There are 2 protein chains.
Amino acid sequence: MSLVRSSTIYDVAEHAQVSIATVSRVLNSPEHVNVRTRAKVQAAIKELNFVPRAEASARARKSACRIGVLAPFFTYPSFVQRLRGVAEALSDSQYELLIYNIDTSARRDLYLSHLPITRRLDGLVVMALPFATRYIDQLQAYGLATVTIEVPDSSLSSVIIDDEIGGQMAAGYFIELGHRRCGFIGDSEVPDYAIHTSDRRLAGYRRALADAGIDLPAQYLGLAPHGLDAARQLALRMFAQPHPPTAIFSPSDTQAIGVLRAARELGLQVPQDVAIIGFDDIEVADFIGLTTIRQPLNESGRVAVDLLLARLRDRERPPQIVQLPLTLVRRETA
Amino acid sequence: MSLVRSSTIYDVAEHAQVSIATVSRVLNSPEHVNVRTRAKVQAAIKELNFVPRAEASARARKSACRIGVLAPFFTYPSFVQRLRGVAEALSDSQYELLIYNIDTSARRDLYLSHLPITRRLDGLVVMALPFATRYIDQLQAYGLATVTIEVPDSSLSSVIIDDEIGGQMAAGYFIELGHRRCGFIGDSEVPDYAIHTSDRRLAGYRRALADAGIDLPAQYLGLAPHGLDAARQLALRMFAQPHPPTAIFSPSDTQAIGVLRAARELGLQVPQDVAIIGFDDIEVADFIGLTTIRQPLNESGRVAVDLLLARLRDRERPPQIVQLPLTLVRRETA
DNA sequence: ATTATCTGTGAAAGCACTTCCATGAAAGTA
DNA sequence: TACTTTCATGGAAGTGCTTTCACAGATAAT
């Protein structure tokens with residue numbers, strides 16, 4: 001089968017006996033074209049099966065019609081969920097969706113330094129990646145509209161949650177259930193390209209416990225590299241103590257599931273022997289009945305896109321910080 | 001902060017006292033440029049912080065430097081896993097990754113009919129979406145290199161698995177474990193934009209059972225719309241029978257998890273009272289210890305990209321069908 | 001010394017649109 | 001009738017790069 005040369009605006013113009021300017025107008029502002037001319041042009045478009053190259057349009061009107069998303073998608077499952085919100089919010093717009101996956105800080109910096117200059121994007125969503133001020137300056141200097149998720153900055157729009165309050169909610173619920181021996185299993189170190197939410201969630205948790213006169217002793221505090229199995233190992237050791245905690249909060253569902261597995265392996269009844277609360281409410285949490293602090297992941301993506309599109313429509317719009325609510329989702333583990 | 005006009009190849013050329021052609025050559029084929037000229041140009045590039053607009057390069061060399069992926073990402077979790085393979089395979093190439101999420105057949109057809117014509121892509125990966133022959137013809141007519149996953153077609157390269165064998169493997173394992181009352185809980189109807197793997201997996205399952213002299217009676221066969229909860233409901237009813245099955249195979253992990261929940265709700269011991277096998281081995285399966293027929297999701301994405309890039313390097317390359325192996329992953333549910 | 005070959009470079013075409021500006025025709029107003 | 005305004009349309013610039021072609025100068029072969 002031979003290759004077909006797709007028709008251009010020139011072909012349509014010739015076929016309809018008008019100039020390319022008129023064809024362009026029929027496409028972009030049909031009300032400015034005489035009804036009869038318009039009909040003629042539309043017939044030609046249909047006959048030649050003409051679809052304007054988005055590339056060329058974008059170039060001529062100096063917009064790329066593209067939104068990029070920068071995130072460590074495959075390191076933490078929650079980012080895929082946010083991406084879903086982004087995709088939904090974008091699905092009825094003209095914008096295409098580009099994925100820039102981050103797996104090292106070098107790659108993050110490469111993208112951040114090149115994307116604004118190469119002008120391939122109209123807007124950028126950066127998820128949970130802390131980055132140097134000079135990149136923020138550069139983004140602004142080159143006029144690349146940017147919204148961050150989880151990383152507030154006064155000169156950029158952001159979608160955030162209050163991690164400390166999340167920790168407080170977990171503590172509050174444990175206290176309400178009558179627990180006095182409350183533990184925490186979280187992150188010791190975070191990849192250098194990601195942010196440290198675990199610490200903030202721990203801080204809120206610890207403070208709310210303290211306010212209720214409950215201490216969080218060192219033997220109830222387990223920190224390990226992020227991941228299900230590391231959390232499981234920590235939990236196994238923590239449960240082996242003479243007076244193990246009766247409740248454990250983890251700053252991610254992944255880790256909470258690790259704790260849950262440890263409990264099951266030791267024959268502990270959940271939530272009778274030990275209550276477990278996670279954080280995020282990723283899809284799996286519902287599958288396995290995990291009680292968790294839900295953050296609206298889907299919605300964070302959607303809101304980020306809304307902020308971005310609003311900014312794109314009005315470049316003068318001031319940056320805006322949107323804080324999304326957390327909710328305790330009670331399922332079977334606490 | 002005022003907007004910065006990023007420097008172009010013209011600025012560099014002027015700064016280095018050469019023509020833009022020479023700057024372009026320094027960028028693309030430095031060995032064809034005199035050493036001293038090259039040094040001069042490279043100094044200018046550095047000084048002006050010049051980064052070529054990928055857009056313009058792509059246009060001039062008539063390639064978009066972009067790979068698109070078409071899939072119902074958020075309908076089935078397995079597609080995100082495949083996407084991961086795609087992203088990994090692409091991460092060291094020059095290509096950018098575009099996501100086209102499908103949620104209706106109308107959208108699928110819109111993308112399929114426009115993408116080849118608008119020339120925004122060099123290559124396309126289509127995941128598990130059946131589509132009309134005329135779209136295949138069009139893809140080829142307009143020269144958009146395409147690889148499909150799960151949808152073999154003699155004129156396109158594809159990555160596939162053998163669904164029937166997957167069903168046979170599940171049956172074989174149940175037989176080996178001594179089960180005689182084997183059930184199946186799968187899909188009654190599939191979104192009109194997706195393919196019907198459930199039926200093929202059932203066919204293989206049924207045949208392997210038959211070969212062992214085991215019947216699959218109607219009361220052991222449950223079909224419902226795809227989803228965890230629909231599967232759970234079916235399972236609840238199936239377990240309520242006088243002689244319920246002692247083993248259930250589901251053609252997706254999501255459904256198997258629904259079955260598992262039903263079993264737990266009824267106080268059935270898994271795998272003692274009932275054994276459960278899923279299909280796919282999505283991430284959750286490991287979390288909850290689900291025994292499943294694993295298909296290499298990650299790898300399917302990677303192989304698809306490899307096929308695509310090979311095709312892009314050599315347009316004459318004949319289509320190729322790669323079949324990926326299935327493996328039984330024994331965990332705790334069977 | 002003369003011709004052939006090679007090397008390095010610049011000029012210019014091509015890409016496929018949008019949009020500003022100019023122009024002519026038609027309609028409206030004094 | 002003469003002038004102004006509105007409408008419809010075409011011409012042409014602008015976009016930032018790659019690549020082909022041609023040419024000048026240097027080197028090698030005869």
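Everything quoted here is computed from the prediction, not taken from an experiment. Chain A is the first sequence line, chain B the second, and so forth, proteins listed ahead of strands; every chain is numbered from 1.
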Report summary line: Regarding the side chain of B/Thr8, the nearest nucleotide among C/dT9, D/dT18, D/dC17 is D/dC17
Report task. Specify the separation, in whole Å, of atom CG of A/Asp11 and atom P of C/dC15. Result -> 11 Å
Query - Whole angstrom value for the distance that separates C1' of C/dC17 from CG of A/Asn28 - result: 9 Å
Requested in this report: Name all residues meeting the side-chain contact (heavy atoms from CB on, under 4.5 Å) criterion together with A/Ser105; count only those two or more places apart in sequence or in a different chain, and write none if there are none.
Outcome: A/Arg108, A/Asp192, A/Tyr193
So which protein N/O to nucleotides 21-27 of chain C N/O distances come out below 3.5 Å?
none

Query raised in the report: Going by heavy atoms closer than 4.0 Å, what residues in residues 13-22 of chain A are next to DNA chain C?
Result: A/Ile20, A/Ala21
Report task. Could you give me the CA-CA distance, side-chain angles and deciding distance for B/Phe79 and B/Phe73, then say whether ring-ring contact (aromatic ring centres under 6.0 Å, His included) is met? Result -> CA-CA 5 Å; B/Phe79 293 109; B/Phe73 290 106; 7.0 Å; no
Requested in this report: Take the protein atom CG of A/Leu27 and the nucleotide atom P of C/dT18, then report the distance between them rounded to whole Å.
Outcome: 6 Å
Query - Minimum-distance pair of heavy atoms, taken over all atoms of A/Ser300 and A/Ile149 - result: O-CD1, 3.7 Å
Query raised in the report: Is the backbone N or O of A/Leu307 less than 3.5 Å from a side-chain atom of A/Ser157, with the two atoms forming a donor-acceptor pair by type?
Result: no
Query raised in the report: Atom OH of A/Tyr10 and atom P of C/dG14: how far apart are they, to the nearest Å?
Result: 11 Å
Query raised in the report: Using a cut-off of less than 4.0 Å, is there contact between a side-chain N or O of A/Ser24 and OP1 or OP2 of C/dC17?
Result: no
**Report entry** Salt bridge flag under 4.0 Å for residues A/Arg66 and A/Glu55
**Finding:** yes
Query - Interatomic distance where CZ belongs to B/Arg120 and P belongs to C/dC17 [whole Å] - result: 12 Å
Report task. Salt-bridge test for A/Glu88 and A/Arg84: reply yes if a basic N is under 4.0 Å from a carboxylate O, no otherwise. Result -> yes
Report task. Can you check whether any acceptor in the base of C/dA16 is under 3.5 Å from a donor in the side chain of B/Arg59, or vice versa? Result -> no
Requested in this report: Return the value, rounded to whole Å, for the distance between atom CZ of A/Arg53 and atom P of C/dG14.
Outcome: 16 Å
Requested in this report: Using atom CD of B/Glu55 as one end and atom P of C/dC17 as the other, report the distance to the nearest whole Å.
Outcome: 15 Å
Report task. Without swapping roles, check the side chain of A/Arg107 against the backbone of B/Ser91 for a donor-acceptor pair under 3.5 Å. Result -> yes
Query raised in the report: Where the side chain of B/Ala56 is concerned, which of C/dT9, D/dG16, C/dC17 is the nearest nucleotide?
Result: D/dG16
**Report entry** Selected nucleotide, minimal atom distance to B/Ile9 side chain, candidates C/dC17, C/dG8, D/dT18
**Finding:** D/dT18
Report task. Send over the distance from A/Arg36 CZ to D/dT9 C1', rounded to a whole Å. Result -> 15 Å
Query raised in the report: Are any side-chain N or O atoms of B/Thr197 and backbone N or O atoms of B/Ile195, one a donor and one an acceptor, separated by less than 3.5 Å?
Result: no
Query raised in the report: Taking it one step at a time, do B/Arg311 and B/Glu316 satisfy salt bridge (Lys or Arg N to Asp or Glu O under 4.0 Å)?
Result: CA-CA 7 Å; B/Arg311 173 58 174 259; B/Glu316 300 309 312; over 6 Å; no
